[in-house]
Every structure is written in C-alpha cells, then in structure tokens.
Participant: 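Take a look at this one; I'll ask things after.
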Amino acid sequence: MKKLALVTGGSRGIGREICRLLARDGWTVAVNYNTSEAAALELAAETGGIAVGGNVASPADVEAMFKKIASELGEVSLLVNNAGIGEYGLFTDLSYERWNELLSVNLGGAFNCCKAAIPAMVRKKSGCIINIASMWGEVGASCEAAYSVTKAGLIGMTKALAKELGPSGIRVNAVSPGCIETEMMARFSPAEREALAEETPLGMIGQPSDAAEAVRFLASDAARFITGQILGVNGGFVI
Ligand code: NAP
C-alpha cells in the first residue's frame with residue numbers, strides 16, 4: 001500500500017517535525033498550512049512531498065485540499081490531525097466567538113479531515129488516524145478552558161472512532177503532549193518556562209521531535225495492535 005500521509009498544521013512547530021520524521025520513514029507527506037505558505041513549501045521541498053493550503057475549520061477548504069492531494073498523490077492512508085490554536089485568559093473574559101473559533105479549528109478541523117479521509121480508508125480496509133491532543137485535555141488547565149475542552153473532545157473522538165473503525169482495519173490513536181518548545185509557548189516568560197520545567201518530573205520542556213517520535217511510532221507497523229490509546233509525551237507532568 002502506498003504510504004501517503006497528510007499532516008495538518010505541518011508548516012511549523014510539532015507538525016513540521018512530524019512531517020520530517022514521517023518522510024524519513026518512507027511516507028510521502030502532504031504538508032498542510034493555513035497562513036505559513038513559504039514555510040510549508042520549503043518543508044515540502046525538503047521532504048519530497050507537497051504543500052497544501054487550507055483552513056481545517058472550513059469544510060470547503062478541506063474538501064479542496066483532499067481533491068488536490070488525490071489528484072497529485074493519491075488517497076491519504078495516514079491522517080495526522082495536528083493543526084491547533086490556543087487561548088489563555090480568564091473564562092469570564094472569553095467571548096463566545098473565540099470559544100467557537102477554538103472548537104472549529106481544534107475539534108472541527110479534525111472532524112472535517114476525518115470525514116474526508118475515512119471513506120477511502122474504509123474502502124481499502126486500512127488506514128491510520130493520529131490526533132494531537134494535549135495533557136490539558138486530560139486534566140484541564142486553569143485559564144485554558146476552551147483549549148482544554150477541544151483537547152478533551154479529541155480524546156473522546158479518538159476512543160469512539162477507534163471502536164467504530166477498528167473492524168474496518170483503521171487504527172485511531174492520540175498523542176497527548178505536555179509542554180513542548182514551539183511558538184505556542186511564546187507567551188511564557190523565561191521565568192515561567194523555568195517553573196514549568198521544574199514542575200515536570202523529568203525536569204525539562206520537551207522538543208517538537210519528542211512529540212513527533214510518538215506519532216512516528218503510532219503510524220508504524222510496530223503499532224499495528226494499538227488503537228484507541230492516548231500516548232502522553234509530557235515528561236511525567238501528568239501521569
Ligand atoms: P504552533 O507552533 O503554533 O503551530 C500551529 C500549527 O497549526 C501551524 O502549522 C499552523 O499553520 C497550524 N494551524 C493553526 N490554525 C490552523 C487552521 N485553521 N488550519 C490549518 N492549520 C492551522 O503549535 P504547536 O505547538 O506546534 O502545536 C501543534 C499541535 O500540538 C496543536 O494541536 C497543539 O494544540 C498541540 N500541542 C502543543 C503543545 C505545546 O506545548 N506546544 C502541547 C500540547 C499540545 P500556519 O502557521 O500555516 O497558519
């Protein structure tokens with residue numbers, strides 16, 4: 001079977017490392033981006049794949065994205081729902097619009113991409129879906145209610161789809177990172193980063209490659225009997 005992967009939000013951060021490691025394992029990778037076109041094109045050239053633009057929150061964009069991938073590469077056999085946005089602030093200051101935006105991107109994006117990817121996987125009785133959750137979806141984060149809700153939703157979706165799609169030969173898992181050094185952590189001051197590292201039993205903040213290695217494993221045949229699991233990559237922050 002052709003190893004064709006789509007990584008949403010592949011242009012930066014954790015997604016970029018996922019694209020690199022998958023390419024090294026022989027996957028042809030479609031690198032999705034929303035705003036970082038130049039970075040996605042550069043990464044696609046580096047990894048031998050293609051860059052595909054599109055806002056995952058938009059069903060029309062996702063449909064167009066899958067059409068482009070189908071016409072240039074074929075049918076997606078591995079979907080990594082990585083695209084995500086965060087929001088930090090008091091719940092009482094959170095607007096309904098922003099709440100909906102987080103739901104639309106983090107959870108709706110995975111919904112749209114799963115809807116587009118699953119029919120071909122079912123037809124082939126083979127496929128793999130990996131959702132990038134967060135430890136805050138497991139335990140909840142103060143001042144990140146909307147974000148925590150979306151990640152908890154992804155965890156629920158992972159478990160439900162694993163049961164629904166297992167009989168069709170499709171595995172569905174999640175990687176649940178802790179604090180990982182990307183632009184998403186840019187709002188933290190050096191002192192706050194140090195405090196987060198100290199709070200982590202392994203005494204450090206993770207790198208994008210730490211989360212990407214977990215994806216690489218779950219995508220591989222070595223994980224062929226693993227589905228419905230939430231693999232924490234958090235240095236022991238949440239156990
Ligand atoms: P990041 O550096 O901010 O990168 C976010 C990526 O998501 C970018 O490639 C961005 O694409 C893409 N994206 C955002 N909105 C999008 C949309 N509407 N449609 C398509 N792509 C979109 O974040 P990161 O830290 O790598 O996070 C990646 C995933 O890991 C997220 O789901 C995040 O919640 C999760 N996570 C991160 C951490 C952490 O500590 N960093 C911890 C736990 C979980 P463009 O640049 O092209 O717009």
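The structure displayed is predicted, hence computed values, not measured ones. Read the numbers this way: they start at 1 and go in the same order the structure lists the ligands and their atoms. All heavy atoms count here, side chains included; hydrogens, waters and symmetry mates do not.
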Participant: For atom 3 (O) of ligand 1, which protein heavy atom lies nearest, and how many Å away is it?
Facilitator: Arg12 NH1, 3.4 Å
Participant: Any heavy-atom pair between the side chains of Trp27 and Leu21 that's under 4.5 Å?
Facilitator: no
Participant: Just let me know how Asn32 lines up against ligand 1, side chain, backbone, both or neither, with a heavy-atom cut-off below 4.0 Å.
Facilitator: side chain
Participant: Please state which protein non-hydrogen atom is closest to atom 22 (C) of ligand 1 and give its distance, to 0.1 Å?
Facilitator: Ala83 CB, 3.6 Å
Participant: Note the single closest protein heavy atom to atom 30 (O) of ligand 1, along with its residue, its atom name and the distance in Å.
Facilitator: Ile132 CG2, 3.4 Å
Participant: Could Glu199 and Arg193 be called an ion pair, given the rule that one side-chain N must be under 4.0 Å from one carboxylate O?
Facilitator: no
Participant: For Arg20, is there an ion pair with Glu46 - N to carboxylate O distance below 4.0 angstrom?
Facilitator: yes
Participant: Against heavy atoms of Val105, which atoms of ligand 1 measure under 4.0 Å?
Facilitator: 15 (N), 18 (N)
Participant: By the definition side chain to side chain contact (heavy atoms under 4.5 Å, CB included), identify the one residue from Ile18, Val233, Val7 that meets it with Ile132.
Facilitator: Ile18
Participant: Does Ser134, backbone or side chain, put an N or O under 3.5 Å from an N or O of ligand 1?
Facilitator: no
Participant: Between Leu6 and Leu78, is there a side-chain heavy-atom distance shorter than 4.5 Å?
Facilitator: no
Participant: Identify, for atom 42 (C) of ligand 1, the protein heavy atom at the shortest distance, and state residue, atom and that distance.
Facilitator: Gly178 O, 2.9 Å
Participant: List ligand 1 atoms under 4.0 Å from Ile85, heavy atoms only on the residue side.
Facilitator: 14 (C), 15 (N)
Participant: Is Ser77 reaching over with its side chain to a backbone N or O of Leu4, donor-acceptor style, under 3.5 angstrom?
Facilitator: yes
Participant: Considering only non-hydrogen protein atoms, determine which one is nearest to atom 26 (O) of ligand 1 and report residue, atom name and distance to 0.1 Å.
Facilitator: Ile14 N, 2.8 Å
Participant: Give me the nearest non-hydrogen protein atom to atom 19 (N) of ligand 1 as residue plus atom name, then the distance to 0.1 Å.
Facilitator: Val56 N, 3.0 Å
Participant: What atoms of ligand 1 come within less than 4.0 Å of a heavy atom belonging to Gly13?
Facilitator: 2 (O), 26 (O)
Participant: Is the distance between the ring centroids of Trp99 and Tyr147 under 6.0 Å?
Facilitator: no
Participant: Counting from 1, what ligand 1 atoms have a heavy atom of Glu183 closer than 4.0 Å?
Facilitator: 2 (O)
Participant: Applying a 4.0 Å heavy-atom criterion (strictly less than), which segment of Lys151 is in contact with ligand 1: side chain, backbone, both, or neither?
Facilitator: side chain
Participant: Got the closest protein heavy atom to atom 9 (O) of ligand 1, with its distance?
Facilitator: Ser11 OG, 2.8 Å
Participant: Go through ligand 1 atom by atom and flag the ones less than 4.0 Å from a non-hydrogen atom of Tyr33.
Facilitator: 47 (O)
Participant: Any Lys/Arg nitrogen of Lys151 or Glu138 sitting under 4.0 Å from an Asp/Glu carboxylate oxygen of the other?
Facilitator: no
Participant: Under 4.0 Å, heavy atoms only, figure out whether ligand 1 is touched by the backbone of Ala133, its side chain, both or neither.
Facilitator: backbone
Participant: Among Gly84, Gly54, Ala57, Gly9, which one puts a heavy atom closest to atom 14 (C) of ligand 1?
Facilitator: Gly84
Participant: Check for a donor-acceptor pair, side chain of Asp210 on one end and backbone N or O of Gln207 on the other, with a separation under 3.5 Å.
Facilitator: yes
Participant: Name the option, out of Thr35, Val62, Asn55, Ile205, that contains the heavy atom nearest to atom 45 (P) of ligand 1.
Facilitator: Thr35
Participant: Given that the side chain starts at C-beta and the backbone is N, CA, C, O, which of these parts of Tyr147 lies under 4.0 Å from ligand 1, counting heavy atoms, or is it both or neither?
Facilitator: side chain
Participant: Within the distance-only criterion (no hydrogens, no angle test), does the side chain of Thr182 pair as donor or acceptor with the backbone N or O of Met184 below 3.5 angstrom?
Facilitator: yes
Participant: Which residue holds the protein heavy atom closest to atom 24 (P) of ligand 1, what is that atom called, and what is the gap in Å?
Facilitator: Thr182 OG1, 3.5 Å
Participant: Give the intermediate values and the outcome of side-chain contact (heavy atoms from CB on, under 4.5 Å) for residues Asn81 and Ile129.
Facilitator: CA-CA 8 Å; Asn81 287 311; Ile129 297 171; 4.0 Å; yes
Participant: Would you please say whether a donor-acceptor pair under 3.5 Å links the side chains of Thr150 and Asn106?
Facilitator: yes
Participant: Which ligand 1 atoms does Cys179 reach within 4.0 Å, using its non-hydrogen atoms?
Facilitator: 40 (O)
Participant: Carefully, step by step, assess Thr28 and Lys3 under the rule side-chain contact (heavy atoms from CB on, under 4.5 Å).
Facilitator: CA-CA 6 Å; Thr28 301; Lys3 289 172 66 167; over 6 Å; no
Participant: Just to check, does Asn82 reach to within less than 4.0 Å of ligand 1 when the distance is taken from its heavy atoms?
Facilitator: yes
